[in-house]
Number of protein chains: 2
Amino acid sequence: MTFTTLSTAQETGIADVAPGQSRYGWLASTLRGHITRGEWVPGSAILAETQLAKAHSVALGTMRQAIAVLVAEGLLERVHGRGTFVSSGIGGASLFRFFRFGSTTTGAAADALPGEVPKSRIIEKRIVKATPVVASALNLAPRCNALALTRVRTLIDKPCLVERIWLPLPTFDALSALNKSQWDDLLYPMYQRLCGVTVHKADDNVTFCLATADVSRALQLRANAPCARVERRAFDMAGRCVELRHSFGDALSFHYTAHLR
Amino acid sequence: MTFTTLSTAQETGIADVAPGQSRYGWLASTLRGHITRGEWVPGSAILAETQLAKAHSVALGTMRQAIAVLVAEGLLERVHGRGTFVSSGIGGASLFRFFRFGSTTTGAAADALPGEVPKSRIIEKRIVKATPVVASALNLAPRCNALALTRVRTLIDKPCLVERIWLPLPTFDALSALNKSQWDDLLYPMYQRLCGVTVHKADDNVTFCLATADVSRALQLRANAPCARVERRAFDMAGRCVELRHSFGDALSFHYTAHLR
DNA sequence: TAATTATAGACCTCTAGAGGACTATACTGC
DNA sequence: GCAGTATAGTCCTCTAGAGGTCTATAATTA
């Protein structure tokens, strides 16, 4: 029996490990709980491995193995000589780097992110009954409520992107109370601050289409103009989908950058 | 000095490790060499960790760490109680998942990768003097030689993608000797097998443009058809850029999927 | 004041070994 | 012949510790 053998032969006097699970796996779960419950603030350092090991009465190597699990999951980041930090996710400006816009004459002008930060404006905010597609993406029961946002992002006062965003309720209740002037240019930090949701992972799907009437109006394009479309599903640290987003931009000035692996 | 301290304080009597590299990193390179040179046959078991550790005069833990590196790279697979095996499908299809093509009616049909594997055909292979753009991407001195490939990928006998690929010489000399029938459908496994280059990371940049005459001919599109363009830079494990690739596809049937983080 | 040199504290590498878990195979008893 | 039992060989978990590298900061020196 896994349970008894573990707790007799390799037990050092602390609480038993769940049956069928290794001690480092159990430690990883414990630490993960601190993070997902928000007790350990993203960006802050956690205790040193030696102290954690001592606090949990395990060998250093075992604690290192537990931490390695969470590093692999992207929840923790280790920095040699400085410490181990709770991952701040892909929130904030780091996510913006995936969207770059400019004239089609960019060419070689490679990686230097220009100082231009896109401005955002919420032009519509509604509570809607989730359509089947939205409900399935956000794992909502059919006809549950979702918060639907429409948002225009501008670069140097020129609209470059229009986005339709669906967020599950009641998780995002805090946002449904805001009026239009209370929105920041970046949403993910707001999710974190106001709703306790940390965006941790996202899947993007880029396709090409022709602008609908709504889109062409918002982007000041002619009807049926060629259009780039990004469908994004964003996930929190527990792997739940917390945002569905459809973004549209003028195809001819569209840039999408991804770093694979 | 990293080198001397390592070899005095922790040396056990075997050959010195390269400066600036850990012993397990050096062991990983050694094992990787056996695999990429084909000396260890895909699917077969390698020596037991205990034997490998003894053969290389290192502690078991160190050898396990080296093996873990190759497992993470996908070159080895461990099976509890049976042994450690050389991975049979390295590189390959896993990279293809970043390109998916279909009719624009895909919609919700999400993640199930269909059995359709794209066929590839090299339609041109030349040794060229690197243009400034290519030389800077591949870190070549100006006017050095590069291998330029033009390649058409087809899905169900329909051309869906045309690619222009530049590879630095002499790293890829082994490929410049091949004739057009000797190319596989997937290039990255060939880089690994024939040139010892493991693609480890890639940056993609997606834009939209109008098809040039060459592209529209290869893809059987009308002149100036809207066209998706992916510029990829692929990097090896040391972070050197080893491939510059421009891919073009019909915008209307283009899908690009990225998993962020 | 500015540059250099300790120093503390963090993560990283490596060692040596004991015992557990899992798999496949050879052996034994019926 | 077949089922159950040893057994050997493999990877997995965990321990306990020494010494190294890296970063930031405090103390020292020019």
Side-chain angles (χ1 to χ4, degrees), chain A residues 1-29 31 44-72 76-86, chain B residues 1-29 31 44-72 76-86:
Chain A
M1 259 180 285
T2 311
F3 180 68
T4 37
T5 41
L6 241 181
S7 51
T8 52
Q10 298 189 337
E11 183 63 31
T12 56
I14 60 166
D16 272 349
V17 179
Q21 198 176 26
S22 56
R23 195 185 300 287
Y24 77 83
W26 181 83
L27 286 169
S29 300
L31 304 188
S44 65
I46 68 173
L47 285 176
E49 2 172 78
T50 50
Q51 294 174 58
L52 278 175
K54 189 166 294 183
H56 290 86
S57 307
V58 296
L60 180 59
T62 305
M63 182 52 76
R64 281 181 60 75
Q65 210 168 350
I67 292 172
V69 170
L70 300 184
V71 170
L76 290 177
E77 292 168 14
R78 331 185 69 146
V79 183
H80 191 170
R82 291 213 316 134
T84 305
F85 300 83
V86 180
Chain B
M1 264 178 280
T2 310
F3 182 67
T4 37
T5 39
L6 241 182
S7 52
T8 52
Q10 299 188 335
E11 185 61 32
T12 56
I14 60 166
D16 273 349
V17 180
Q21 199 177 23
S22 56
R23 196 185 298 287
Y24 78 84
W26 181 82
L27 286 169
S29 300
L31 304 189
S44 65
I46 69 174
L47 285 174
E49 353 170 271
T50 50
Q51 294 174 57
L52 278 175
K54 189 167 293 182
H56 290 87
S57 307
V58 295
L60 180 60
T62 306
M63 182 54 76
R64 281 181 59 76
Q65 209 167 352
I67 291 172
V69 170
L70 300 184
V71 170
L76 290 177
E77 292 168 13
R78 331 185 71 149
V79 183
H80 192 170
R82 293 214 316 136
T84 304
F85 301 83
V86 180

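Per chain, numbering begins at 1; letters A, B, ... match sequence-line order. This structure is a prediction, so every number in the text was calculated from the model and none was measured.
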Distance-minimising heavy-atom pair for B:Met63 and B:Leu52:
CE-O, 3.5 Å

Check the distance between D:dC11's C1' and A:Gln65's CD and give it to me in whole angstrom.
13 Å

Between B:Ser29 and B:Gly25 (side chain of the first, backbone of the second, donor and acceptor by atom type, cut-off under 3.5 Å), is there such a pair?
yes

Whole-Å distance, B:Gln21 CD to C:dT13 P, equals 11 Å

Please enumerate all residues that pass side-chain contact (heavy atoms from CB on, under 4.5 Å) together with A:Ala48, with sequence neighbours excluded.
A:Thr50, A:Gln51

B:Arg64: partners by side-chain contact (heavy atoms from CB on, under 4.5 Å), with sequence neighbours left out:
B:Glu49, B:Leu60, B:Arg78

Check nucleotides 8-10 of chain C against the protein and report each pair of N or O atoms closer than 3.5 Å, with its distance, or say if there are none.
unit_1: C:dG9; atom_1: N2; unit_2: A:Gly81; atom_2: O; d: 3.2
unit_1: C:dA10; atom_1: OP1; unit_2: A:Gln51; atom_2: NE2; d: 3.3

Hey, does B:Ile46 have a side-chain heavy atom less than 4.5 Å from the side chain of B:Phe85?
no

Compare all side-chain heavy atoms of A:Val71 with those of A:Glu77 and state whether any distance is below 4.5 angstrom.
no

Look at B:Thr62 and C:dT13 and indicate whether a side-chain polar atom (N or O) is within less than 4.0 Å of OP1 or OP2.
no

Side-chain N,O (B:Arg78) to OP1/OP2 (D:dT10) below 4.0 Å
no

Distance, rounded to the nearest Å, where B:Leu60 contributes CG and C:dT15 contributes P:
10 Å

State, to 0.1 Å, how close A:Leu27 and A:Thr62 come at their nearest heavy-atom pair, and which atoms those are.
CD1-CG2, 4.1 Å

To the nearest angstrom, how far is B:Glu77 atom CD from C:dT23 atom P?
16 Å

For the CG atom of A:Leu76 and the CG atom of A:Leu31, what is their distance to the nearest 0.5 Å?
7.0 Å

Counterpart residues, side-chain contact (heavy atoms from CB on, under 4.5 Å), relative to B:Gln65 (two or more places apart):
B:Tyr24

Just the rounded figure in Å: distance from P of D:dT10 to NZ of B:Lys54.
11 Å

Separation of atom CG in A:Leu27 from atom P in D:dT13, rounded to whole Å
13 Å

Would you mind reading off the distance between B:Leu70 atom CG and D:dC11 atom P, rounded to a whole angstrom?
14 Å

Axis-to-axis angle between the two ends of the helix from C:dT1-D:dA30 to C:dC30-D:dG1 (five base pairs per end, rounded to 10 degrees):
10°

Rounding to an integer number of Å, can you tell me how far A:Arg64 CZ sits from C:dT13 P?
7 Å

